[in-house]
Amino acid sequence: MDKINFWKTKAGALTIGFILAMLSFIIILFGIKMNSETVENFGLIVVIVAVLISPIKVFILDKRSKKED
């Protein structure tokens with residue numbers, strides 16, 4: 001039985017997405033406090049990346065790796 005690394009599973013991708021989402025809210029709040037639109041936009045980009053991690057992994061990367069097997 002193969003042991004799969006947790007971070008390479010769907011649950012691992014969701015965990016990474018959750019951590020990034022929480023980090024992005026801190027970045028956005030920091031940007032609001034500093035009155036920096038650039039920092040706020042960076043936080044928004046981190047939110048978008050966090051939301052897209054799981055779908056990209058499941059529907060693109062995992063499908064591609066199954067075709068290679």
| remark: What one should report as the nearest heavy-atom pair of K8 and K57 is O-NZ, 2.8 Å
| Connected via hydrophobic side-chain network under 4.5 Å: L20 and I28 | no
| field | Single-linkage hydrophobic cluster W7~L23, side-chain heavy atoms < 4.5 angstrom | value | yes
| request: Check I32, I45, N35 against E40 for a side-chain contact (heavy atoms from CB on, under 4.5 Å) and give me the one that passes. | output: I32
| task | Kindly compute the distance separating OG (S54) from CZ (F59), expressed to the nearest 0.5 Å. | result | 8.0 Å
| message | I'd like to know if I19 and I16 are part of one continuous hydrophobic network [Ile/Leu/Val/Met/Phe/Trp/Tyr, side-chain heavy atoms within less than 4.5 Å]. | response | no
| remark: Tested for side-chain contact (heavy atoms from CB on, under 4.5 Å) against V49, the lone hit among I53, L52, V47 is I53
| Taking all non-hydrogen atoms of both residues, which atom of A50 and which atom of G17 are closest, and how far apart? | CB-O, 3.3 Å
| said: T15 vs F6, test: side-chain contact (heavy atoms from CB on, under 4.5 Å). Steps then yes/no. | reply: CA-CA 10 Å; T15 302; F6 172 74; 3.6 Å; yes
| request: Check each of I48, V46, L29 against S24 using the side-chain contact (heavy atoms from CB on, under 4.5 Å) test, and report the only one that passes. | output: V46
